[in-house]
Amino acid sequence: MSSDLVVVGAGVVGASVAYHAARAGAAVTLVDAGRPGAGVTAGSFAWIGASGVRTGPAAALRASATQEYHRLQAELPGLPVTWSGSLSWGTTDGAPKAGPGQEIVDAATVATLEPALRQPPEWAVWSPGDGAVDPVGVTERLVTGARAHGAVVRRDTPVTAVRRDAAGRVAGVETVAGPLPGATVVLAAGVATAALGASLGIRVPVDPSPATLFRFRAPAGLVRTVVNNRDFDLRQVAADRLIAAADAPERTLAAVRSTFRGAANVTLLSTRVGARPMPADGEPIIGPVAEVPGLYVTVLHSAVTLAPAVGRLVARELVDGAAEPLLAGCRLDRF
């Protein structure tokens, strides 16, 4: 791989790759069809947690999520992260189980953590190290950081194809505004990655998976942690705003009102349905593509959670030539 690279997609993952690669000394061009973070990133619930992660090829990568965000906060002051912890209950039929970094707490403790609950559950899983972020704010901060290290950012510039030279090696990308040269191209374009790969004869097994996000007007301080139960994932994002990841707006609104005291006047403000990228096996697809020298793919679910770790590790592979063990189970050739 060459450190003269074009990153396609300025969602949170592409922005993180651009920032970390530019910081490591690469000549980076970051290009996006719209504004950084305005696509599926903007519709993320953005719950950041490393607790309870135990299985799967990317388990160690996920387990590093909160540590990587703390690192990024130190590098980029003002990163919009809130470390509130999370409470989860009623999501399984059996007794609650605590994973690494978690503990089982009783109703009295739950009531202390979430005092507005009408009926605190008898037991809940408390993950004190969890947090949440403003996903667009994080993306914009990463882009600003990339620029500070010399990256060029081209927004509102759709990429139409990956360019190759006579030997079949990557030579950059074609855009609606003309070609952008680069010896390495990183595809971080979410669900659009599949089409760009297909034009090169490469199958990237990723499909759109709908994710619905509701925004509510709500009293200040109604919700203090990230709350996860059968009805919703819920958190407070501003003094008078809640967001919820759930299925149906009316049912979710009714559940919020019945779950919390003082929620009778909570009202629905908006509904957003995003097409998040979902690899065929649910695990990240990250790494070079052997059939197209100079091409590197990074597409994943839980992109906001994993972006700091993925950006740092991908930059090491691209700039330093390292083969990162944490990415070993994420390669495209597993399919």
Just wondering, do [Y] and [X] contact through their side chains at under 4.5 Å, heavy atoms?
{"X": "Y69", "Y": "W83", "result": "yes"}
{"X": "F45", "Y": "L213", "result": "yes"}
{"X": "V31", "Y": "V6", "result": "yes"}
{"X": "V223", "Y": "F260", "result": "yes"}

Given 3.5 Å as the limit, does a donor-acceptor pair link the side chain of [X] with the main chain of [Y], or not?
{"X": "Q73", "Y": "E68", "answer": "no"}
{"X": "T112", "Y": "A108", "answer": "yes"}
{"X": "T259", "Y": "A255", "answer": "yes"}
{"X": "E103", "Y": "S127", "answer": "no"}
{"X": "R241", "Y": "R217", "answer": "no"}
{"X": "Q67", "Y": "S64", "answer": "no"}
{"X": "T82", "Y": "S84", "answer": "no"}

Distance-only check: which donor-acceptor pairs under 3.5 Å involve side-chain atoms of residues 274-281, not counting sequence neighbours?
from, atom 1, to, atom 2, distance (Å)
R276, NE, S209, OG, 3.4
D281, OD1, E283, N, 3.1
D281, OD1, R334, NH2, 3.0
D281, OD2, R334, NE, 2.8
D281, OD2, R334, NH2, 3.3

| field | Worked verdict on R316 versus D320 for salt bridge (Lys or Arg N to Asp or Glu O under 4.0 Å) | value | CA-CA 5 Å; R316 279 183 49 81; D320 299 336; 3.7 Å; yes
Using a cut-off of 6.0 Å, state whether more than 12 heavy atoms not belonging to [X] lie near its atom [atom1].
{"X": "R154", "atom1": "CZ", "value": "no"}
{"X": "R257", "atom1": "CZ", "value": "yes"}
{"X": "R224", "atom1": "CZ", "value": "no"}

| From CA spacing to verdict: side-chain contact (heavy atoms from CB on, under 4.5 Å), W126, L113 | CA-CA 9 Å; W126 169 235; L113 294 166; 3.7 Å; yes
| field | side-chain contact (heavy atoms from CB on, under 4.5 Å) assessment of L242 paired with L234 | value | CA-CA 7 Å; L242 295 173; L234 186 73; 4.2 Å; yes
Of all heavy-atom pairs between [X] and [Y], which one has the smallest distance, and what is that distance?
{"X": "A151", "Y": "A22", "value": "CB-CB, 4.2 Å"}
{"X": "A132", "Y": "V226", "value": "CB-CG2, 4.3 Å"}
{"X": "A177", "Y": "T157", "value": "CB-CG2, 4.2 Å"}
{"X": "L196", "Y": "A189", "value": "CD1-CB, 4.4 Å"}
{"X": "G294", "Y": "V170", "value": "C-CG2, 3.7 Å"}

Does a donor on one side chain sit under 3.5 Å from an acceptor on the other, for [X] and [Y]?
{"X": "T160", "Y": "E174", "answer": "no"}
{"X": "W47", "Y": "D130", "answer": "yes"}
{"X": "H70", "Y": "T66", "answer": "no"}

| Taking atom CG of L87 and atom OG1 of T225, what is their separation to the nearest 0.5 Å? |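 Here the rounded value is 4.0 Å.
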| field | side chain to side chain contact (heavy atoms under 4.5 Å, CB included) partner of I286, chosen from V297, T298, V13 | value |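 Running side chain to side chain contact (heavy atoms under 4.5 Å, CB included) over V297, T298, V13 with I286 returns exactly one hit, T298.
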| Looking at L72, V17, L30, which hits side chain to side chain contact (heavy atoms under 4.5 Å, CB included) with L142? |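 With L142 as partner, L72, V17, L30 yield a single side chain to side chain contact (heavy atoms under 4.5 Å, CB included), made by L72.
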| message | Determine whether V110 and L117 satisfy the following criterion, side-chain contact (heavy atoms from CB on, under 4.5 Å), listing intermediate values before the conclusion. | response | CA-CA 9 Å; V110 173; L117 282 174; 3.5 Å; yes
| said: Test of understanding: with side chain to side chain donor-acceptor pair (under 3.5 Å), list the residues that count as partners of R235, not counting sequence neighbours. | reply: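 By the side chain to side chain donor-acceptor pair (under 3.5 Å) rule, R235 matches no residue at all.
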| task | Let me see the working for T29 and L5 under side-chain contact (heavy atoms from CB on, under 4.5 Å), right down to the final yes or no. | result | CA-CA 6 Å; T29 300; L5 59 99; over 6 Å; no
| Qualifying residue, where the test is side chain to side chain donor-acceptor pair (under 3.5 Å) with Y19 and the options are H149, E75, R141 |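 Output: one option passes, namely E75.
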| message | When you group the ILVMFWY residues by side-chain heavy-atom contacts below 4.5 Å and let the links chain together, are L313 and V138 in the same group? | response |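 Linked within one cluster.
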